[in-house]
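Here the structure comes first, spelled out in C-alpha cells, and everything after it is commentary.
Values in this document were obtained by computation on a predicted structure and should not be read as measured data. Numbers restart at 1 for each chain; the letters A, B, ... are given by sequence-line order, proteins then strands.
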2 protein chains.
Amino acid sequence: MARSYRDITDAELAVMQVLWDRGEASIRQICDVLYPNGGPSHYATVQKLLERLEAKGFVHRDRSLQVHLFRATIGRDDLIGLRLRSLAEQLCGGSLTPLLTHLVKTKALSPQERAELRALIEQSEDAPRRRGSRKQT
Amino acid sequence: MARSYRDITDAELAVMQVLWDRGEASIRQICDVLYPNGGPSHYATVQKLLERLEAKGFVHRDRSLQVHLFRATIGRDDLIGLRLRSLAEQLCGGSLTPLLTHLVKTKALSPQERAELRALIEQSEDAPRRRGSRKQT
DNA sequence: CTGCCTCCAGACAACTTGTCTTAGAGCAAC
DNA sequence: GTTGCTCTAAGACAAGTTGTCTGGAGGCAG
C-alpha cells in the first residue's frame with residue numbers, strides 16, 4: 001500500500017537537489033556538496049541513495065566511464081507535479097481543482113503575483129487545446 | 001527527521017474520511033463503514049488508528065459517554081493546506097507560488113474554472129488583508 | 001450469572017530509511 | 001610488480017513507521 005509512485009525520501013531529495021543544480025555528477029561530487037570533509041561512510045551513504053533513486057527511476061546512471069555519472073531523469077517541477085497529483089488523489093478524489101482554489105484562497109497574493117496569475121489564465125484561455133505536453137485531470 | 005507535523009497515514013486517512021462525512025462517530029460506526037462485516041480484529045485496528053490520530057492531535061475523543069465519540073479536529077481543507085505547505089517547504093524553499101503556477105500551467109482549465117479563478121483573484125484583490133489567519137510567503 | 005460490547009495495553013511482522021562495513025576491481029605512480 | 005588510491009558492489013544494521021491482531025478487564029442487559 002505504499003504510495004504508488006515510490007516517493008523520494010528526504011535524504012534522497014538532497015541528492016536530487018545536487019543533481020538538479022549540476023545536471024550531472026559523480027558520487028564523489030555529490031558527496032563533497034552534501035558532506036564537506038565527510039569520510040568514506042558518507043560516500044557509501046550517497047552511493048546507496050543513488051542506487052535507490054536509480055531503482056525508483058528518478059536517476060539515470062551512466063556506466064560508460066569508470067566513474068559512473070548520475071543524472072536526474074525528472075525535474076524538480078515534475079516532482080512537484082507528481083506530489084500534487086498524489087495529494088489530489090488522496091484528498092480530492094483525483095481532482096487538482098481543490099488544490100488550486102485552496103492556494104488562491106489561502107495565499108495572500110502580491111500585486112505582481114496576481115498579474116502573473118491573470119496572464120497565465122489568459123494564456124490558457126487563448127490555447128485551450130494546447131495541452132498536449134502534459135496530462136490534465 | 002520525520003515530517004514536522006506528524007503526517008496522517010493512509011489507513012488513518014480512511015478513518016478521517018469517515019469522520020469528515022459524519023462529523024462524529026464511535027469506533028463501531030467507523031468500523032461498519034470501513035470493514036462491513038469485519039470481525040473484532042478490525043474493530044481493534046480502527047481503535048488503534050484513532051488512538052494514534054488522537055495522539056497526533058487530528059482527532060478529539062469525547063470520553064463523557066461509555067462509548068467514546070470521535071470528532072476530527074482538522075478539516076479536509078486544513079489537511080490539504082498542511083500538505084501543500086509541507087510540499088512547498090521541501091521543494092520550493094517554502095514558497096507556495098511555484099505550486100500555484102504549476103497548477104495553472106499544467107491543468108487545462110474549463111471555462112467555468114477559469115471564471116471561478118478570476119473571481120477568486122478579484123476577491124483577494126479587494127481584501128488583501130482579509131486572510132490574516134496564516135502566514136504567507 | 002452469562003454474554004456481549006466496550007475500553008486499554010501491548011505484541012507483532014513487514015517495510016522503510018539513513019547509515020555504515022566489507023570485499024573486490026581498476027588504474028597510477030613508484 | 002607491488003603499493004595505494006579510488007571506485008563499484010553487496011549487504012548488514014538499528015531505529016522508526018505502519019497496519020494488524022491478541023488478550024484482558026470492566027460495565028450493562030437479559
> Looking at residues 11-36 of chain B, who's got a heavy atom less than 4.0 Å off DNA chain C?
Replying inline: B/I27, B/R28
> Where the side chain of A/H68 is concerned, which of C/dC7, D/dT17, D/dT8 is the nearest nucleotide?
Replying inline: D/dT8
> Are the charged groups of A/E116 and B/K105 less than 4.0 angstrom apart, N to O?
Replying inline: no
>> Distance check needed: C/dC5 P versus B/H42 NE2, whole Å only.
In response: 17 Å
>> Does either side chain, that of B/D77 or that of A/H102, offer a donor lying less than 3.5 Å from an acceptor on the other one?
In response: yes
>> I'd like to compare against my own output: the B/S/- annotation of nucleotides 25-30 of chain C with a strict under-4.0 Å heavy-atom distance to protein.
In response: ------
> Rounded to the Å, how far apart are A/D10 CG and C/dT19 P?
Replying inline: 10 Å
>> Taking only side-chain N and O atoms of B/R6, does any of them lie within less than 4.0 angstrom of OP1 or OP2 on D/dT17?
In response: yes
> At under 4.0 Å between heavy atoms, what does A/E51 touch on the DNA or RNA strands: base, sugar-phosphate, or nothing?
Replying inline: nothing
>> Assess the residue pair B/R63 and B/E54 against the criterion (salt bridge (Lys or Arg N to Asp or Glu O under 4.0 Å)); give the C-alpha distance rounded to whole Å, side-chain angles, the decisive distance to 0.1 Å, and a yes or no.
In response: CA-CA 12 Å; B/R63 299 170 191 267; B/E54 190 192 7; 3.3 Å; yes
> Considering heavy-atom distances to DNA chain D, does A/F70 or B/S41 have its closest nucleotide positioned more toward the 5' end?
Replying inline: A/F70
> Could you walk me through whether A/R118 and B/E122 pass the side chain to side chain contact (heavy atoms under 4.5 Å, CB included) check?
Replying inline: CA-CA 10 Å; A/R118 250 197 279 269; B/E122 301 282 327; 3.4 Å; yes
>> Counting only side-chain nitrogens and oxygens, does B/R61 get under 4.0 Å of the OP1 or OP2 atom of C/dC8?
In response: yes
>> Could you tell me if the side chain of A/L13 sits less than 4.5 Å from the side chain of B/L91, heavy atoms only?
In response: yes
> Could you give the CZ-to-C1' distance, from A/R63 to D/dC7, as a whole number of Å?
Replying inline: 13 Å
>> Main chain of A/L87, side chain of A/Q90: is a donor-acceptor contact present, judged purely on distance under 3.5 Å?
In response: no
> Roughly, in whole Å, what's the span from CD1 in B/I8 to C1' in D/dT17?
Replying inline: 15 Å
> Between B/L84, B/L96, B/L99, which is the residue that forms a side chain to side chain contact (heavy atoms under 4.5 Å, CB included) with A/K107?
Replying inline: B/L96
>> I need the CG-P distance between A/D7 and D/dT17, as an integer number of Å.
In response: 17 Å
> Roughly how far apart are A/L117 CG and A/Q123 CD, rounded to 0.5 Å?
Replying inline: 12.0 Å
>> Between B/K56 and B/D7, does any side-chain N to carboxylate O distance fall below 4.0 Å?
In response: no
>> Run the side chain to side chain donor-acceptor pair (under 3.5 Å) test against B/D78 and tell me which residues pass, sequence neighbours left out.
In response: none
> Roughly how many Å is it from CG in A/L65 to C1' in D/dT8, rounded to a whole number?
Replying inline: 14 Å
> Roughly, in whole Å, what's the span from NZ in B/K48 to C1' in C/dT6?
Replying inline: 16 Å
> B/Q47 CD to D/dC21 C1': how many Å, rounded?
Replying inline: 12 Å
> Hey, does the side chain of B/R52 come within less than 4.0 Å of C/dG10's phosphate (OP1/OP2), counting only N and O?
Replying inline: no
> Of the candidate nucleotides C/dT21, D/dC7, C/dC7, which contains the atom at the shortest distance from the side chain of A/V67?
Replying inline: D/dC7
> Side-chain N or O of A/Y43 less than 4.0 angstrom from OP1 or OP2 on C/dC20?
Replying inline: no
